[in-house]
Asks: 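My questions all concern the structure below.
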Amino acid sequence: MRREKTIWERLLALALAAILCLGLAGCRRGDDGPRPAKLKENGARFTVAVAQSPDSLNPVTTEGGLTEEFFLLCYDPLWRLDAAGQGEGCVAEDWSLSSDHLTWTVRLRHDAVFSDGTPVTSADVQFSYDLMRHNSTIFTEYFDGVTAIRCPDDYTVVISTEYVKGDMLRNPTPILPKHIWQDYEFSPAEFDNAALVGSGPFVYEPEGSEDGGWLFRAREEHYAGAAHVSEVYFSYYGTVTGAARALAAGEADASFGLSDVQLTTLESVPGVELIQAILPGADSRMLVFNTRSDFFSNADMRAMAEHCVDRAWFLSMSSGGAGMEGSSFMTPGTTGFSVPENLRGYSPATAAGILRAAGYADVNDDGVLEYGIREVKLRLTLCTSSRDPWASTAATILTADMADIGVIVNWRKTDDPITDICGSTDDWDMCLYSWHGSAGAAVTAIRFMNEVGGLTGWSDPAFDSALALMRTAEDQGIMRAYARQLQQLVYDACPVAVLAYGADIQAIRSGSWTGYEDLMSGSGLFGVGSNAVYLSVRPRETEAG
């Protein structure tokens, strides 16, 4: 077995250069080797072992990662991201901008066809965009600034915006068939969408999905060309242990969503390649400060607490080293991710020095700092939720480290979501929180302010200004520059201390499959917002034939 041993070095190097790619491929595939002439004769099935079920097959209501993977197979958007993070046409064949950059004229392909044989037209695009921008859980934010969508003819879409919308080409919204969805236009959440009719390179087969999995058949007639395999089958095992065993036994060809335990259980299996992937929207595990509290309204005190965070030790203890030490509120899978400058490392001595400079001292020589003439002991309240199982380890480490410099941490545990506890009261100083970002820098920044920024109470006009400029930037270099500025602003102000980015442990039977190797220079094979691996992977025995 050849295990990927340099993924973190490559990720960090890409991040520092600010060119970490998020989309691994577009709709078009490269014909980089011999392949079967007819898929039906070859009959290659690529089986993926999974430990989760789709939360919904409806793109309006879903929030599940597995469902989004299904959508990559069945649906095509107007654009996908290429390996450089640039938008390339999918259903959109070409497009142009008005002189003021507020009107997009998009011309559609004439050979895009839904899996039921119905051509894709501008009416489908208009219907899908209007439906999603008003109703979707995960796609609505991509339509911020869109004011109107018109259809001059069957293959032209005109999109009007209220400001220059630089992220238009990074909108992953699937194009839905209007003739199927129109009966649910005013109640889209009620549609089960059980057939998953789309224009993507695979078609869902419900009749083949009744034995504990979900079957997708490759479409030979797809305009981008058929995949190298005839079928992709997601086999459900219920637990990551079961999925890993299936992979080890040869029942499955690949798996993702595994835990750090599988790093050791699978590394000795011949012909299995392991990948630690930091995906777009990966978990950011962070220490959040309540900037409305008297103590943490001071940025120096927030920096003091960050110096008490031993990220390396936390990563080792909480996830067996699987993942990556944190820094920015954006994750390495986000377009425009960069590591902020002047990182505050683990340094209890520095933290103690900040407290002494602020007037705290151990007056009673009891190991606890006091302040003022009343000699009030320094006590801070830390909240954690059992819904974040890693938080217990992090809280134990943080409590001990802060006690070493004389700070008492009162640890308050709850079974409720942390946002329910800390979002409804200011009777807390710190909390430990898992947060999911997005593949897009602008969407991530907006969600950060809505979800985490609202929790901390922190805001900054400079952040708002840079975000507005980033959202209107059409040039990728300019967009990334503003993304770096946003990340640096948040890091300098320190409303949060990002402890780690969670890794998605993925595996593939490298002894049996090929065609995927060049995709791993990004953040992984699965869950990256691209269908490239499903189009590119092929059995090794077909290489010479």
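Only a predicted model underlies this, so the values are computations on that prediction, with no experimental measurement involved.
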Asks: Apply salt bridge (charged side-chain N to carboxylate O under 4.0 Å, His left out) to the pair Glu517 and Arg540, showing each step before the final yes or no.
Replies: CA-CA 12 Å; Glu517 293 88 350; Arg540 284 199 177 275; 3.3 Å; yes
Asks: Quick one: does Glu341's side chain have a donor or acceptor within less than 3.5 Å of a partner on Gln488's backbone?
Replies: no
Asks: List the residues meeting side chain to side chain contact (heavy atoms under 4.5 Å, CB included) with Ser259, not counting sequence neighbours, and say none if there are none.
Replies: Val240, Val261, Gln262
Asks: Pairs under 3.5 angstrom only: tabulate donor-acceptor contacts from the side chains of residues 191-201 to other protein residues two or more places apart or in another chain.
Replies:
{"residue": "Asp192", "atom": "OD1", "partner": "Ala194", "partner atom": "N", "Å": "3.2"}
{"residue": "Asn193", "atom": "ND2", "partner": "Leu57", "partner atom": "O", "Å": "2.8"}
{"residue": "Asn193", "atom": "ND2", "partner": "Tyr75", "partner atom": "OH", "Å": "3.0"}

Asks: When you measure from the side chain of Asn58 to the backbone of Val60, do you find a donor-acceptor pair of N or O atoms at a distance under 3.5 Å?
Replies: yes
Asks: Ser386 and Asp415: which non-hydrogen atoms are nearest, and at how many Å?
Replies: OG-OD1, 3.0 Å
Asks: Evaluate the ring pair (Phe, Tyr, Trp, His ring centres under 6.0 Å) criterion for residues Trp390 and Phe314: first the C-alpha distance (whole Å), next the side-chain angles of each, then the deciding distance (0.1 Å), finally the verdict.
Replies: CA-CA 9 Å; Trp390 61 271; Phe314 162 73; 5.7 Å; yes
Asks: Minimum heavy-atom separation for Asp76 to His222, with atom names?
Replies: OD2-NE2, 2.9 Å
Asks: Which pair of non-hydrogen atoms, one from Arg509 and one from Ala248, has the smallest distance, and what is that distance?
Replies: NH1-O, 3.8 Å
Asks: Per the salt bridge (Lys or Arg N to Asp or Glu O under 4.0 Å) rule, what does the pair list look like for residues 431-452, sequence neighbours excluded?
Replies: Glu141-Arg447
Asks: Partners of Glu68 by salt bridge (Lys or Arg N to Asp or Glu O under 4.0 Å), sequence neighbours excluded?
Replies: none
Asks: For Met132, is there any backbone N or O sitting under 3.5 Å from a side-chain donor or acceptor partner on Thr140?
Replies: yes
Asks: For Glu306, check side-chain hydrogen bond (donor to acceptor under 3.5 Å, both in side chains) against everything at least two apart and list the hits.
Replies: Arg311, Arg344, Tyr491
Asks: Does Ser338 offer a backbone N or O that forms a donor-acceptor pair with the side chain of Gln487 under 3.5 Å?
Replies: yes
Asks: Listed by chain and number, what are the side chain to side chain contact (heavy atoms under 4.5 Å, CB included) partners of Ala442, not counting sequence neighbours?
Replies: Asp167, Met470, Arg471
Asks: Could you tell me which non-hydrogen atom of Thr384 sits nearest to which non-hydrogen atom of Leu432, and how far apart they are?
Replies: CG2-CD1, 3.7 Å
Asks: I'd like to check the side-chain hydrogen bond (donor to acceptor under 3.5 Å, both in side chains) partners of Ser235; sequence neighbours left out, ordered by chain and number.
Replies: none
Asks: Check salt bridge (Lys or Arg N to Asp or Glu O under 4.0 Å) between Arg412 and all other residues, then give those that pass, not counting sequence neighbours.
Replies: Asp427
Asks: Ignoring hydrogens and angles, tell me if any N or O in the side chain of Ser434 forms a donor-acceptor pair with the backbone of Asp388 under 3.5 Å.
Replies: no
Asks: Who pairs with Glu63 by salt bridge (Lys or Arg N to Asp or Glu O under 4.0 Å), at least two apart in sequence or on another chain?
Replies: none
Asks: Checking ring pair (Phe, Tyr, Trp, His ring centres under 6.0 Å) against Phe234, which of Phe202, Phe70, Phe526 comes through?
Replies: Phe70
Asks: Going through the checks in order, is the side-chain contact (heavy atoms from CB on, under 4.5 Å) test met by Val496 and Leu287?
Replies: CA-CA 6 Å; Val496 300; Leu287 177 64; over 6 Å; no
Asks: Please confirm whether the backbone N or O of Tyr501 pairs with a side-chain atom of Asp283, one donor and one acceptor, at under 3.5 Å?
Replies: no
Asks: Applying side chain to side chain contact (heavy atoms under 4.5 Å, CB included), name anything that partners Pro389, two or more places apart in sequence or on another chain.
Replies: none
Asks: Measure across Thr419 and Leu455 and return the closest heavy-atom pair with its distance rounded to 0.1 Å.
Replies: CA-CD1, 4.5 Å
Asks: Would a distance-only check, ignoring hydrogens and angles, find a side-chain to backbone donor-acceptor pair under 3.5 Å from Asn531 to Leu73?
Replies: no
Asks: Ignoring hydrogens and geometry, is there a side-chain-to-backbone donor-acceptor pair from Trp513 to Arg538 under 3.5 Å?
Replies: no
Asks: Of all residues at least two apart in sequence or in a different chain, which pass the side chain to side chain contact (heavy atoms under 4.5 Å, CB included) check with Ser255?
Replies: Ala49, Ala243, Leu258
Asks: Under a 3.5 Å distance rule, please check whether Thr334 uses its side chain to pair with a backbone N or O of Met330 as donor and acceptor.
Replies: no
Asks: Between Glu69 and Tyr534, is a side chain to side chain donor-acceptor pair (under 3.5 Å) present by the stated rule, with each step listed?
Replies: CA-CA 10 Å; Glu69 205 75 357; Tyr534 303 105; 2.7 Å; yes
Asks: Spell out, as yes or no, whether a donor-acceptor pair under 3.5 Å connects the side chain of Thr456 to the backbone of Gly453.
Replies: yes
Asks: Only pairs at least two apart or in different chains count here, so list each salt bridge (Lys or Arg N to Asp or Glu O under 4.0 Å) that has a residue in residues 237-247.
Replies: none
Asks: Has Arg45 got its NZ or CZ under 6.0 Å from the middle of the six-membered ring of Tyr233, at an angle within 45 degrees of the ring axis?
Replies: yes
Asks: Take Asp55 and Thr67 through the test side chain to side chain donor-acceptor pair (under 3.5 Å) and record every step on the way to the result.
Replies: CA-CA 7 Å; Asp55 62 341; Thr67 308; 3.1 Å; yes
Asks: Restricting to non-hydrogen atoms, name the atom on Phe329 and the atom on Ala445 that form the minimum distance, rounded to 0.1 Å.
Replies: CE1-CA, 3.9 Å
